[in-house]
> 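Got a structure for you, questions after.
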2 protein chains.
Amino acid sequence: MEFDRGLLGGSTILMVLSLLHEKDMYGYEIIKELDSKSGNMFQFKEGTLYPVLHRMENLSYVKGYRKEAENGKERKYYSITAEGVKQLEAERKKWKSFACSVNMVIGGMAYGSEGV
Amino acid sequence: MEFDRGLLGGSTILMVLSLLHEKDMYGYEIIKELDSKSGNMFQFKEGTLYPVLHRMENLSYVKGYRKEAENGKERKYYSITAEGVKQLEAERKKWKSFACSVNMVIGGMAYGSEGV
DNA sequence: TATTATACATAGATAACCGAGGTATAAGGA
DNA sequence: TCCTTATACCTCGGTTATCTATGTATAATA
């Protein structure tokens, strides 16, 4: 991770939900996807992501299921739930509102205000 | 605080440095200023801000000094140091880069890319 | 053969923020 | 007068998030 631990906080679930909203994915795949989609900015450690996925499953945002891959190896896929979709929308709003507020304080442009 | 603890992480020092770059301020004043500048989004608790100021002083980003107010009460003002100004620039870049990366992952616009 | 990539998982350390509490003064209303 | 609110500083303990390190196992590659 290139950023301080701090900055990540709170945006992790938003990003994972975003990815799972597009298609079902397994843990390792999510890590790679976050890496590439962020322009190599977010290199999540496994020790970070797996506990997050378990937490999200406990919260009923996602549901995990085992599926065999072509190579015969079993992977644990996650799919977003209706609850998770609702949460995704809430987190997206929260993120926009947060980013907008930070920018107001530090004197950046009022990005995000259109969605708040 | 309206946001999850998580989201704040890492942006606190950036925002405080931003305010102190404009003028010297004391703790309580910073809390009020963050509140008003953010459109009442950031209501920092004293239990959050004071330790942050102490940490920043330890890191030599700011320097505290006591000054008497008109009413005779003594306040602890903080002024940003040269080190702090450098840090401010670094944190500003980091924030833009971070916000941009999150938006790329969640499919928002590429805000911040111009400054990265 | 050794290393790297894939793929899952947990335990302990570290750090950040918050809630709650403490101290003290001053102003304003009941 | 008393009580509440605002100002103004501070610390302790709890919760939570992330990282490091470690463990397991297989397959591909050097």
Side-chain angles (χ1 to χ4, degrees), chain A residues 1-16 24-36 38 41-59 61-62 64-78 91 98 102, chain B residues 1-16 24-36 38 41-59 61-62 64-78 91 94-95 98 102:
Chain A
M1 203 70 58
E2 310 232 350
F3 300 104
D4 291 336
R5 292 158 181 246
L7 266 183
L8 250 302
S11 58
T12 306
I13 288 184
L14 166 62
M15 291 196 287
V16 173
D24 291 8
M25 296 175 83
Y26 55 95
Y28 201 79
E29 189 184 9
I30 292 173
I31 291 175
K32 299 301 164 194
E33 194 76 4
L34 279 172
D35 186 20
S36 77
S38 70
M41 285 297 179
F42 298 138
Q43 269 130 32
F44 274 75
K45 304 297 183 287
E46 295 169 89
T48 302
L49 186 71
Y50 288 119
V52 167
L53 285 171
H54 301 157
R55 217 185 314 146
M56 288 171 70
E57 190 162 23
N58 272 342
L59 290 164
Y61 296 163
V62 298
Y65 59 93
R66 304 203 155 267
K67 207 177 75 174
E68 206 155 322
E70 324 77 51
N71 56 11
K73 286 188 77 168
E74 214 185 35
R75 289 172 183 155
K76 191 164 172 192
Y77 281 80
Y78 290 91
E91 301 246 356
F98 168 74
V102 171
Chain B
M1 202 71 57
E2 309 233 349
F3 299 104
D4 291 335
R5 292 157 182 245
L7 267 183
L8 250 303
S11 58
T12 307
I13 289 184
L14 165 63
M15 291 195 288
V16 173
D24 291 8
M25 298 175 82
Y26 55 95
Y28 202 79
E29 189 184 9
I30 292 173
I31 290 175
K32 299 301 165 195
E33 193 77 2
L34 279 172
D35 186 20
S36 77
S38 69
M41 285 298 179
F42 298 137
Q43 269 130 32
F44 273 75
K45 305 298 183 285
E46 296 171 87
T48 302
L49 186 70
Y50 288 117
V52 167
L53 285 171
H54 301 158
R55 217 186 314 147
M56 288 170 70
E57 191 162 22
N58 272 341
L59 290 164
Y61 297 164
V62 299
Y65 60 95
R66 304 203 155 267
K67 207 177 74 173
E68 207 154 321
E70 325 77 49
N71 56 12
K73 287 187 78 167
E74 215 186 35
R75 289 169 183 157
K76 192 165 171 193
Y77 282 81
Y78 289 91
E91 301 246 356
K94 206 166 57 181
W95 159 252
F98 168 74
V102 171

> Do the side-chain N or O atoms of B/Y50 get closer than 4.0 angstrom to the phosphate oxygens (OP1, OP2) of D/dC10?
no
> If you look at every strand shown and take non-hydrogen atoms under 4.0 Å, does B/E46 touch a base, only sugar-phosphate, or nothing?
base
> Under the rule for side-chain contact (heavy atoms from CB on, under 4.5 Å), what residues qualify as partners of B/E29, not counting sequence neighbours?
B/K23, B/M25, B/Y26, B/Y77
> Give a yes/no answer on whether the side chain of B/T12 brings an N or O atom under 4.0 Å of OP1 or OP2 in C/dC17.
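For C/dC17, OP1 or OP2 has a side-chain N or O of B/T12 closer than 4.0 Å.
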> Please determine if a side-chain N or O atom of B/R55 lies less than 4.0 Å away from the OP1 or OP2 oxygen of C/dA16.
yes
> Go nucleotide by nucleotide along DNA chain C from the 5' end; which of B/V52 and A/K32 gets its closest nucleotide reached first?
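Residue closer to the 5' terminus by nearest nucleotide: A/K32.
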> Out of curiosity, B/D24 CG to B/R75 CZ, how far, rounded to the nearest 0.5 Å?
13.0 Å
> Reckon B/E29 touches a base, only the sugar-phosphate, or nothing at all at heavy-atom distances under 4.0 Å?
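Touches nothing.
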> Run A/L53 and A/I30 through side chain to side chain contact (heavy atoms under 4.5 Å, CB included) and show every step you take.
CA-CA 10 Å; A/L53 285 171; A/I30 292 173; 4.0 Å; yes
> Quick check on DNA chain C: between A/R75 and A/P51, whose nearest nucleotide comes earlier from the 5' end?
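Nearest-nucleotide comparison on DNA chain C picks A/R75.
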> If you check every side-chain atom of B/H54, which of D/dT11, D/dT18, C/dT10 has the closest atom?
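For the B/H54 side chain, the nearest candidate turns out to be D/dT11.
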> Kindly say if A/Y26 contacts the phosphate of C/dA7, meaning a side-chain N or O under 4.0 Å from OP1 or OP2.
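Answer yes for this pair, as a side-chain N or O of A/Y26 is under 4.0 Å from OP1 or OP2.
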> Considering residues at least two apart in sequence or located in another chain, which fulfil the side-chain contact (heavy atoms from CB on, under 4.5 Å) criterion with B/K76?
B/E57, B/R66, B/Y78
> Look at the side-chain N and O atoms of B/K45 and state whether any lies under 4.0 Å from the OP1 or OP2 oxygen of C/dA20.
no
> Using a heavy-atom cut-off of under 4.0 Å over every strand shown, decide if B/G47 touches base, sugar-phosphate, or nothing.
base
